[in-house]
Amino acid sequence: MYYAEVDDYFVRDDAVYYHVVGKLDMAPILLHRLNRSETLEEAVARWSTEQHWLADWSHNRPFDGFCKNCKVAFEIRSSTYYPTMRHERPLKCVRNINVSGIKRCG
């Protein structure tokens, strides 16, 4: 189980995306890289500039009790780095982290 603080979300493509306050530790990112064409060195170098978004593909509405800056628990399925990504607005340097079982905690 992993933990983070989230401060915003939006729904798109039948998934809910939650913005992580700050970023996840580097270790789970390196462990769960989906895009194997991304080298370990690239992932380490990008970590300091990327923004993290948790993608919950099991739901199309935010979890019960979502509020700004709430703490969540979840399992990581995979992650992929995107130089640009379209959410509600264009985003740059995004680590999209596919999660399951996301829920408010604490």
Side-chain angles (χ1 to χ4, degrees):
M1 190 70 63
Y2 295 97
Y3 303 91
E5 185 177 329
V6 293
D7 63 356
D8 200 4
Y9 76 90
F10 73 92
V11 177
R12 182 168 180 234
D13 298 331
D14 292 326
V16 182
Y17 297 85
Y18 300 94
H19 180 255
V20 175
V21 174
K23 49 183 102 269
L24 298 184
D25 290 336
M26 191 181 301
I29 298 300
L30 298 178
L31 183 63
H32 297 284
R33 284 177 300 130
L34 176 63
N35 183 356
R36 297 296 179 191
S37 65
E38 177 184 40
T39 68
L40 182 66
E41 292 78 16
E42 287 171 328
V44 169
R46 291 172 175 156
W47 183 87
S48 65
T49 59
E50 65 192 20
Q51 54 182 298
H52 291 176
W53 288 82
L54 307 178
D56 178 7
W57 287 91
S58 301
H59 300 92
N60 60 7
R61 292 183 309 192
F63 58 82
D64 288 339
F66 173 85
C67 64
K68 187 176 176 111
N69 299 323
C70 64
K71 294 188 181 188
V72 295
F74 53 90
E75 293 295 335
I76 298 177
R77 301 171 92 183
S78 63
S79 77
T80 304
Y81 174 82
Y82 295 98
T84 59
M85 182 175 257
R86 177 90 178 139
H87 283 274
E88 288 181 325
R89 63 193 188 287
L91 302 173
K92 294 186 185 281
C93 301
V94 173
R95 175 71 56 181
N96 191 62
I97 303 159
N98 294 312
V99 301
S100 63
I102 189 166
K103 61 185 176 185
R104 185 176 174 171
C105 65

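Residue numbers start at 1 and run along the sequence shown.
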- Message: Please check this pair: side chain of K23 against backbone of E50, looking for a donor-acceptor N/O pair closer than 3.5 Å.
- Response: yes
- What pair of heavy atoms forms the shortest contact from R104 to G65, and how long is it? NH1-O, 2.7 Å
- Going through the distances and angles, do Y9 and F63 end up as a side chain to side chain contact (heavy atoms under 4.5 Å, CB included)? CA-CA 10 Å; Y9 76 90; F63 58 82; over 6 Å; no
- Message: Over 60° means perpendicular and under 30° means parallel, so tell me whether W47 and H52 are parallel, tilted or perpendicular.
- Response: perpendicular
- Query: How far apart are the closest heavy atoms of L24 and A4, and which atoms are they?
  - Reply: CD2-CB, 3.7 Å
- Message: Applying a strict under-4.5 Å side-chain criterion to I, L, V, M, F, W and Y, I'd like to know whether V94 and L54 cluster together.
- Response: no
- Message: My understanding is that only residues two or more places apart in sequence, or in another chain, count here; which of them pass side-chain contact (heavy atoms from CB on, under 4.5 Å) with S100?
- Response: E75, R77
- Message: Can you confirm whether N69 is buried at CG, in the sense that more than 12 heavy atoms of other residues, nucleotides or ligands lie under 6.0 Å from that atom?
- Response: yes
- Query: Of the non-hydrogen atoms in Y2 and P28, which two are nearest, and what is the gap between them?
  - Reply: CE2-CB, 3.4 Å
- Item | Distance in Å, R46 CZ paired with E41 CD, rounded so as to fall on 0.5 Å steps | 11.5 Å
- Message: If you define the side chain from C-beta out and look only at heavy atoms, does anything of V44 sit under 4.5 Å from M26?
- Response: yes
- side-chain hydrogen bond (donor to acceptor under 3.5 Å, both in side chains) evaluation trace for T80 with N96: CA-CA 5 Å; T80 304; N96 191 62; over 6 Å; no
- Query: So, do I29 and I76 sit near enough that their side-chain heavy atoms are less than 4.5 Å apart?
  - Reply: no
- Query: If you look at every heavy atom in I97 and S79, which pair is closest and at what distance?
  - Reply: CG1-CB, 4.0 Å
- With A15, which residues qualify under side-chain contact (heavy atoms from CB on, under 4.5 Å), at least two apart? Y17, W57
- Query: What's the spacing between F10 CZ and Y18 OH if we round to 0.5 Å?
  - Reply: 11.5 Å
- Message: For the CZ atom on F66, are there more than 12 heavy atoms of other groups (residues, nucleotides or ligands in this structure) within a distance under 6.0 Å?
- Response: yes
- Would you kindly confirm whether Y81 and W53 end up in one hydrophobic cluster when ILVMFWY residues are joined by side chain heavy atoms under 4.5 Å apart? no
- When rounded to the nearest 0.5 angstrom, what distance separates CZ in R95 from CD in E38? 4.0 Å
- Looking only at heavy atoms, the pair that brings C105 and A73 closest together is SG-N, 3.9 Å
- Cluster question for you: counting only ILVMFWY and a side-chain heavy-atom cut-off of under 4.5 Å, with indirect links fine, are V99 and L31 together? yes
- Please lay out, stage by stage, how R61 and V11 fare under the test side chain to side chain contact (heavy atoms under 4.5 Å, CB included). CA-CA 7 Å; R61 292 183 309 192; V11 177; 5.9 Å; no
